[in-house]
Number of protein chains: 2
Amino acid sequence: MRRDVFQAIADPTRRAIILLIASQAMTPNAIAEHFNTTRQAVSKHLRILAECQLVTQEQTGREIYYQLNGDKMKEIDKWLDQFRKIWESRFNELDKILLTLKNDKK
Amino acid sequence: MRRDVFQAIADPTRRAIILLIASQAMTPNAIAEHFNTTRQAVSKHLRILAECQLVTQEQTGREIYYQLNGDKMKEIDKWLDQFRKIWESRFNELDKILLTLKNDKK
DNA sequence: TATATTTGCAACCGAACGGTTTCGAAAACT
DNA sequence: AGTTTTCGAAACCGTTCGGTTGCAAATATA
């Protein structure tokens with residue numbers, strides 16, 4: 001299937017699901033109550049989220065609790081890190097210019 | 001069109017383009033040289049990236065330089081912030097437990 | 001045991017996606 | 001002026017996506 005985290009968070013419904021279960025594990029039925037779609041559609045989204053390990057399942061009886069996997073969320077954060085360095089270096093360059101202007105004033 | 005940042009970064013080629021032009025603005029032809037697709041395919045990706053304002057264009061003559069818009073990248077960072085708070089609070093709870101255990105030891 | 005609930009899975013459908021090919025417009029070069 | 005280069009836009013094609021409907025399996029309840 002080759003699902004990755006970035007494709008998983010591309011869909012707004014899936015992002016809403018992630019936000020919903022971030023603070024508390026929930027069952028598919030409970031999650032589906034928050035959306036205007038069928039339970040099966042939510043189940044499909046959960047399957048995609050599980051495939052890329054963004055959520056983990058925990059079965060108790062016939063109920064399955066879905067929980068957010070924070071570590072996988074950090075993968076996105078890690079990807080953003082590449083650009084933070086660039087932003088930072090750009091800011092430093094701007095900083096140098098501002099410092100130069102300051103020194104020129106004196 | 002309804003393009004948003006999350007859909008834009010869902011495609012691996014687009015993420016590669018973003019990384020490529022992050023440090024230096026480039027023309028579509030120059031970008032296309034880095035991929036095994038046609039220039040038109042890259043142009044399509046650039047259009048999508050431009051639609052959600054992840055990249056900005058700057059025309060000089062017949063060449064168009066595409067540049068990454070860092071502010072828009074921060075939108076992703078902002079979205080992640082919601083979860084950082086949750087991670088943090090979870091850590092704090094764990095921290096409390098650990099502290100309690102420590103105190104019990106004494 | 002019979003019935004209701006919770007869930008995943010398969011089939012189907014219209015829309016969107018990613019790609020190529022083709023074309024036209026504008027700028028640069030000879 | 002004629003040619004080359006750079007680029008976006010349109011048409012087309014196969015695949016994937018998000019959704020619904022229907023069904024089967026497993027657990028709980030009467």
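In what follows, chains are A, B, ... by sequence order, proteins preceding strands, each numbered from 1.
To the nearest 0.5 Å, atoms CG (Asp4(A)) and CD (Glu75(A)) are separated by 9.0 Å. Between the CE atom of Met73(A) and the CZ atom of Arg84(B) there is a distance of 9.0 Å, given to the nearest 0.5 Å.
Nucleotide dG19(C) holds its P atom 9 Å from the CD1 atom of Ile17(B), rounded to whole Å. Between the NZ atom of Lys44(A) and the P atom of dC17(D) there is a distance of 10 Å, rounded to whole Å. Taking atom CD of Glu58(B) as the reference point, atom P of dT6(D) lies 19 Å away to the nearest angstrom. Atom CZ of Phe35(B) and atom P of dG18(C) are 14 Å apart (whole Å). The separation between Gln59(B) atom CD and dC7(D) atom P is 9 Å, rounded to whole Å. One can place OH of Tyr65(B) at 14 Å from C1' of dA27(C), the figure rounded to the nearest angstrom. Rounded to a whole Å, the CD1 atom of Ile64(A) is 18 Å from the P atom of dT5(C). Put simply, CZ on Phe6(A) is 17 Å from P on dC17(D), counting in whole angstrom units.
OP1 and OP2 of dT22(C) both lie 4.0 Å or more from every side-chain N or O belonging to Arg39(B). Put simply, Asn29(B) has no side-chain N or O that comes within less than 4.0 Å of OP1 or OP2 on dT5(D). One finds a side-chain N or O of Gln7(B) lying less than 4.0 angstrom from the OP1 or OP2 phosphate oxygen of dC17(C). Here Thr38(B) does not reach the OP1 or OP2 of dG19(C): none of its side-chain N or O atoms lies under 4.0 Å away. Close to dC17(C), at under 4.0 Å from its OP1 or OP2, lies no side-chain N or O of His45(B). A close approach under 4.0 Å does occur between a side-chain nitrogen or oxygen of Ser43(B) and OP1 or OP2 of dG8(D). Taking 4.0 angstrom as the limit, Thr27(A) places a side-chain polar atom (N or O) nearer than this to OP1 or OP2 of dT7(C). Note on Arg47(A): a side-chain N or O is less than 4.0 Å away from OP1 or OP2 of dC9(C).
A donor-acceptor contact under 3.5 Å links the side chain of Arg62(A) to the base of dT5(C). Evaluation of atom-type donor-acceptor distances gives a pair under 3.5 Å for the side chain of Gln40(A) against the base of dG22(D). Contact of Arg14(A) with dG18(D) (side chain to base): no donor-acceptor pair of N or O atoms is detected under 3.5 Å.
With Asn69(B) as the partner, the side chain to side chain contact (heavy atoms under 4.5 Å, CB included) test is satisfied by one option alone out of Ile18(B), Val55(B), Leu54(B), Thr56(B): Thr56(B).
The 12-atom threshold is exceeded at CD of Gln59(B), counting heavy atoms of other residues, nucleotides or ligands nearer than 6.0 Å. Heavy-atom contacts from other residues, nucleotides or ligands closer than 6.0 Å to CG of Asn36(B) number 12 or fewer.
At a threshold of 4.0 angstrom between heavy atoms, the contacts of Tyr66(B) are confined to the sugar-phosphate backbone, with no base atom among them.
The residue among Thr60(A) and Ala10(A) whose nearest nucleotide of DNA chain D is located toward the 5' end is Ala10(A).
Side-chain atoms of Leu20(A) and Phe35(A), non-hydrogen and from C-beta on, do get closer than 4.5 Å to each other.
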